[in-house]
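Have a look at the structure below, then the notes.
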Amino acid sequence: MAPIGETVCTGVALLLGCFVVQSTGSYIGPRQRVPDEFVAKPQYPTPYGGWDPDWADSYARAKAIVDEMTLAEKTNITSGTGFFMGRCNGNTGSALRVGFPQLCLGDGATGVNQADNITAFPPGITTGATWDKELIYARAVAMGKEFRGKGVNIWLGPSVGPLGRKPKGGRNWEGFGSDPVLQAKAGALSIKGVQESGVIATIKHLIGNEQEMFRMYNPVQQGLSANIDDRTLHEIYLWPFADGLRAGSGAVMTAYNAVNGSASVQNSYLINGILKNELGFQGFVMSDWFSHMPGGSAIAGLDLNMPGDEQIPFFGKSYWMYELTRFVLNGSVPMDRLNDMTTRLVATWLKFGQDKDFPSTNFHISTNEAIGDYYPAAWPFSPSGVVNEFVQVQNDHDVVARQVAQDAITMLKNNDNLLPLSTSRPLKVIGSHAQTNPDGPNACPFRSCNKGVLGMGWGSGVVDYMYIDDPISAIRRRADNVEYYPTDRMPSVPEPTGDDVAIVFITSDSGENSFTVEWNHGDRNSDGLNAWHNGDRLVKDASAKYSNVIVVVHTVGPILVEEWINLPSVKSVLFAHLPGQEAGDSLTNVLFGDVSPSGHLPYSITYKESDLPRSVTELTGFAFGQPQDTFSEGLYIDYRYLNKNGIKPRFAFGYGLSYTDFTFTNATITPVNELAATPPPSPPRAPVPNYAQPIPSWEEAVPPTNFFKIPRYLYSWLSESDARRAVRSREEGNTYPYPEGYTAEQPEPFPASGPSGGNPRLWDVMFNVSVTVTNAGDTHAGKASVQVYVQFPEGDDVPDTPVIQLRDFEKTTNLEPGERTTVTLELTRRDLSVWDVVTHNWVVPAPEGRYKIWIGDSSDRLFLACYTDSGECEGGLESPV
Ligand SMILES: *[C@@H]1O[C@H](CO)[C@@H](O)[C@H](O)[C@H]1NC(C)=O
Ligand SMILES: *[C@@H]1O[C@H](CO)[C@@H](O)[C@H](O)[C@H]1NC(C)=O
Ligand SMILES: *[C@@H]1O[C@H](CO)[C@@H](O)[C@H](O)[C@H]1NC(C)=O
Ligand SMILES: *[C@@H]1O[C@H](CO)[C@@H](O)[C@H](O)[C@H]1NC(C)=O
Ligand SMILES: *[C@@H]1O[C@H](CO)[C@@H](O)[C@H](O)[C@H]1NC(C)=O
Ligand SMILES: CC(=O)N[C@H]1CO[C@H](CO)[C@@H](O)[C@@H]1O
């Protein structure tokens, strides 16, 4: 979500300006031209929900409830009641007469947003850097318990889009890394873990929101258009959504931007076509905050309007609620669509068991006081009372939060084995970012400053810290001789002895476009890929003084390290990503050798920015009309681009060192299922409920007499005269100007269609690959990362495909010196397929061909390979890239 008004409205004064524009101005001009080859095809109508046999029971029960609802009850629960019109980031209306309560929707990427007594978990990018499925899942289980404990029905996460296409993109840190498979597996495990508590997950943002600036439609400008071809969409950006739906995500959130020129919130091809037909989505689709627009969203497949308001909140105006009631009464939105959207919502609520014993919301996003306004946006007319009950949900979740922060720490360099340190070593800690923000850890709203420890980026994905275990406190707890210089300019220091070690802390921050931090409008447009606050200078100055320097980097994504990486004094480099609240011990456990570092990079670090193509390094800028962000690099982002063009990175995707060495031996490959060119058909569909119904009488659309309305609160009722007028309009034969291509006839399934994620046969395991990992060192225990990449066969039938692509990964347990373990990884049908743009299906381009399955611990350290045709494996190879 986005706190109100952006790009053109950054300050309070500007915000007022926006309101004026909004109240007088018209909205979106005619659709701008997108490049000729990109087309937003009309796709109507919305496929009904309920045909996944796993959902049939919930749908049947939901249908019985929806059948009891009046028109105004249906349009009440499919929309929010307004921003700050309730306790949560979003609050739906209710239909209490039939037992359906208001639902609470809550951000975000690091835990329960704007709440108390919660854990500040490490965000997605840190979680991705662990490459540890069990840990990813364990974090999600803990997060799910916190959302449930606070009474949040719907978690607004995980974020797998942005995927990390643009290194400077502002919200990449909320997701898991610049690769579809890393995002997919981490996203799916996060959904599974959170949903186990009965909390509904929301996979987001669909799709193509790869930068912050100009992402959003506002009264004076259109949001940018992400122009994505069909194959790239499927093989890169949609891939994690498919896995997320297969894992059972109950909700999906659309993105702010347009795709192929059509706004995501009402892009019928995306929602009706890709999401609800091809990916067989059974849950509900919501708009992102303030991205809704008047017109065709209902027939384009949107099910829930969040947070209810028009693009500018607080005026008591909505595009749905009473307006959707009008749309239905005047015959524009068909009853079967309204019944489908309502049933999707109720069915999801039932499927997650939220009809039984779900805790009621016990905190309020607007205040930390016990007493406050229930509906702050109704000020000064809001009733007030107890809004915060201070329910403690942290339990022992600091343990998993610390484990994630620790196991994400990625060692990129360690000359002379400077690390691990002995606790008696004289340490000079330099940099303001080793300490808690002296103004307090939550001094800046939505963490919209880079001061003190950088535990998370900024924007709606953050939480308030209950505490931060900061690095300097943790270092002081462990080491005997520590001098701290809380400054980002090299201080004057006593003449170093040869034994002295300098630990230099540097950062790079980014966040959501709703805030500008040191001229960075969300994306890293101003500081670029260099460390903030003259971090490069600080490292160089420290290196000139000390001969043993350790650089600790807290960062949202890749930074350029060339100014100092090869300096002889810079002996060790640790990327600690964004650690959340547990920044201290997680780091000292690595610094002092309690554990070996075991994180690996979830993106590549290039020598220079221009090693990647301009389409990903440049941020799409201002344009009159609609800014165009054309994904011209296609499949070739991050390592896929570097490998194709023979460009060596400074540190490759997947790279990370340990205090010990691992050997990978005895690879095997086992065929599990037979590979054919096309997948077997999807299983038969369950029959869907009958959603048809005559348009109800206007009497179902008007409030009971003497109902007391909260000012500016969004209700689904029309006045009697409006309701009668809407009916009259229909009876006079006025019709809605349906978009070209509109039809009421339910569509045939798309070729790749299947329930909840697409054809389930795409996930059939084709091959198992296993490898023996040995801790070959004799001093330190450690965890190894095992990564499997596929190289497609050569041949005329095989379209141009990246040299290698990640397909699966595992982390070993902590192996003692000499200890070994065997790890098994899986390759599915989809892993060996490409998206065929002619048949609109996944095809295995060469079923008999020689797929080379590479095994290693980094995308550029792959020394074993197995062959699908011969079933043989060999070691001692040269890495393919
Ligand atoms: C965007 O346009 C391309 C080229 O016509 C097409 O292949 C793709 O399916 C379109 N995507 C969407 C979401 O409309
Ligand atoms: C809509 O929801 C609000 C908030 O729960 C409630 O006050 C109102 O009565 C509901 N309207 C209908 C038609 O049930
Ligand atoms: C029906 O109501 C909607 C919402 O107010 C309006 O946009 C549309 O023009 C109306 N259509 C007819 C035929 O009255
Ligand atoms: C690898 O396999 C060979 C033959 O089966 C066996 O002798 C050897 O011990 C294995 N090595 C490891 C490290 O597992
Ligand atoms: C493939 O590996 C999985 C574990 O990842 C295992 O459950 C399954 O039995 C294996 N199948 C074969 C045929 O080896
Ligand atoms: C146990 C605990 O952390 N309780 C805190 C809950 O939140 C309130 C208000 O912020 C604090 O005062 C409590 O200490």
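First listed ligand is number 1; within each ligand, the first listed atom is number 1. Note: hydrogens, waters and symmetry copies are ignored here, and every other heavy atom, side chains too, is used. What you see is a predicted model; the values in this text were computed from it and never measured.
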Contact summary for Glu210 and Gly164, nearest pair of heavy atoms: OE1-N, 3.1 Å
Is there a polar contact, in the sense of an N or O pair closer than 3.5 Å, between Asn734 and ligand 3? no
Between Phe662 and Phe664, does the ring centroid distance fall short of 6.0 Å? no
Does the N or O separation between Asn330 and ligand 3 drop below 3.5 Å for any pair? yes
Report every pair formed by an N or O atom of ligand 1 and a protein N or O atom separated by less than 3.5 Å, giving atom names and the distance to 0.1 Å.
residue, atom, partner, partner atom, Å
ligand 1, 2 (O), Val39, N, 3.1
ligand 1, 2 (O), Val39, O, 3.4
ligand 1, 2 (O), Asn260, ND2, 2.2
ligand 1, 5 (O), Glu37, O, 2.9
ligand 1, 7 (O), Asp230, N, 3.4
ligand 1, 11 (N), Asn260, ND2, 2.9
ligand 1, 14 (O), Val39, O, 3.3
ligand 1, 14 (O), Asn260, ND2, 3.2

For ligand 5, which atoms have a heavy atom of Thr824 less than 4.0 angstrom away? 2 (O), 5 (O)
Interatomic spacing from OG in Ser287 to CG in Leu302 - rounded to 0.5 Å: 5.5 Å
Please check whether Glu826 reaches ligand 5 - meaning an N/O of the residue sits under 3.5 Å from an N/O of the ligand, judged on distance alone. yes
Asn768, any N or O under 3.5 Å of ligand 5 N or O: yes
Give a yes or no on whether the ring-centroid distance for Trp842 and Trp239 is below 6.0 angstrom. yes
Of all heavy-atom pairs between Leu329 and Arg730, which one has the smallest distance, and what is that distance? O-NE, 2.7 Å
Going by the atom numbers of ligand 3, which of them fall below 4.0 Å from some non-hydrogen atom of Ser729? 12 (C), 13 (C), 14 (O)
List ligand 3 atoms under 4.0 Å from Arg326, heavy atoms only on the residue side. 2 (O), 5 (O)
Taking all heavy atoms of Gln626 and all of Gly261, pick out the closest pair and write down the distance. OE1-CA, 3.7 Å
Tell me whether the count of non-hydrogen atoms from other residues, nucleotides or ligands lying under 6.0 Å of CD in Gln693 goes above 12. yes
Centroid-to-centroid, Tyr256 to Phe290, below 6.0 Å? no
Glu323 versus ligand 3: do any nitrogen or oxygen atoms come within less than 3.5 Å of each other? yes
Which heavy atom in Leu832 sits nearest to a heavy atom in Tyr851, and how many Å separate them? O-OH, 2.7 Å
Check this for me: Glu731, atom CD, are more than 12 non-hydrogen atoms of other residues, nucleotides or ligands nearer than 6.0 Å? yes
